[in-house]
Amino acid sequence: MKSKTIPKPLVQLNQWSIILFVLSFWIFQVEHFLLVPLAANACGAFLGFNPIVKAGRAFLRKDASSYIQEDADQQRFNSTIAVICLAAGYASSLAGWSVASVVFTALVFVSAAVALLGFCIGCFIRFQWKRYQYKRSNG
């Protein structure tokens with residue numbers, strides 16, 4: 001069975017959208033800016049359909065399969081982490097907890113920025129989790 005993949009430029013588009021919307025939230029102090037990446041990543045994590053990624057497909061210059069591919073299951077895991085951080089940041093902002101809001105949004109901002117630079121924090125976390133599960137099951 002072939003694993004589902006996502007072209008890397010579309011993964012990077014999603015990462016850039018997280019960065020830009022979090023920056024917009026920080027600059028303008030409008031927590032509703034967080035709803036765009038939150039909703040898109042929630043759809044990606046729980047429905048397997050990220051509207052930002054879907055819209056980006058129209059702008060690919062080559063056939064999607066000709067790009068470096070990213071594992072869809074890994075991206076779903078990463079989106080789940082992003083959803084948790086963005087939701088916590090949004091809720092914190094609504095509650096007036098500005099420090100918590102900045103911390104949670106900074107976590108997802110830094111993760112997206114570092115991923116664009118080549119190191120996927122979510123991939124590292126998932127690898128360690130899978131490693132732990134394997135070691136535990138094999139005594």
R76 backbone acceptor or donor facing S79 side chain under 3.5 Å: no
Path from L13 to L60 over hydrophobic side-chain contacts below 4.5 Å: no
Main-chain N/O of G89 paired to E31 side chain as donor or acceptor, under 3.5 Å: no
Exercise: identify the closest heavy-atom pair between K4 and G48: NZ-O, 4.2 Å
Heavy-atom closest contact (L10 atom, G56 atom, distance): CD2-C, 3.4 Å
same_hphob_cluster(I19, V110) at 4.5 Å side-chain heavy-atom cutoff: yes
Atom CD1 of I68 with >12 non-hydrogen neighbours under 6.0 angstrom: no
Set of disulfide bond (SG atoms under 2.5 Å apart) partners for C43, sequence neighbours left out: none
Same cluster (ILVMFWY, side-chain, under 4.5 Å), F28 and V36: yes
Audit row: F104, I84, side-chain contact (heavy atoms from CB on, under 4.5 Å) steps and yes/no: CA-CA 9 Å; F104 285 118; I84 292 166; over 6 Å; no
I52 side, atom CD1; F21 side, atom CZ - distance, nearest 0.5 Å: 6.5 Å
Rounded distance [0.5 Å steps], OG1 in T5 versus CD in Q74: 13.5 Å
Residues F46, V83; criterion side-chain contact (heavy atoms from CB on, under 4.5 Å); working and verdict: CA-CA 10 Å; F46 306 117; V83 166; 4.2 Å; yes
Spacing of CZ belonging to F25 relative to OH belonging to Y90, to within rounding of 0.5 Å: 10.0 Å
Which atom of A87 lies closest to which atom of L38, heavy atoms considered: N-CD1, 3.8 Å
Residue pair I18 / N41, side-chain heavy-atom distance below 4.5 Å: yes
Cluster overlap L20 with V114, hydrophobic side-chain contacts below 4.5 Å: no
Gap between atom CD of Q75 and atom CD of Q15 - 0.5 Å precision: 7.0 Å
Sequence neighbours excluded - salt bridge (charged side-chain N to carboxylate O under 4.0 Å, His left out) pairs with any residue from residues 114-134: D71-R126
Atom pair CZ (F77) and SG (C120), whose distance is rounded to the nearest 0.5 Å: 9.0 Å
Donor-acceptor under 3.5 Å (Q29 side chain, I27 main chain): no
Close aromatic pair by centroid cut-off 6.0 Å: F109 and W26: yes
Expected output: side-chain S92 to main-chain A88 donor-acceptor under 3.5 Å: yes
Verify same cluster id: L34, V30 (apolar side-chain graph, 4.5 Å): yes
Residue pair N138 / Y134: nearest heavy atoms and the distance that separates them: ND2-CE1, 2.7 Å
Minimum heavy-atom distance F49-K54, with the two atoms named: CE1-CG, 3.5 Å
Shortest non-hydrogen separation from T80 to A45 and the atoms involved: OG1-CB, 3.5 Å
F124 atom CZ, over 12 foreign heavy atoms within 6.0 Å: no
Residue Y132 excluded, over 12 heavy atoms near OH under 6.0 Å: no
Gap between atom CD1 of I125 and atom CG of N78 - 0.5 Å precision: 8.5 Å
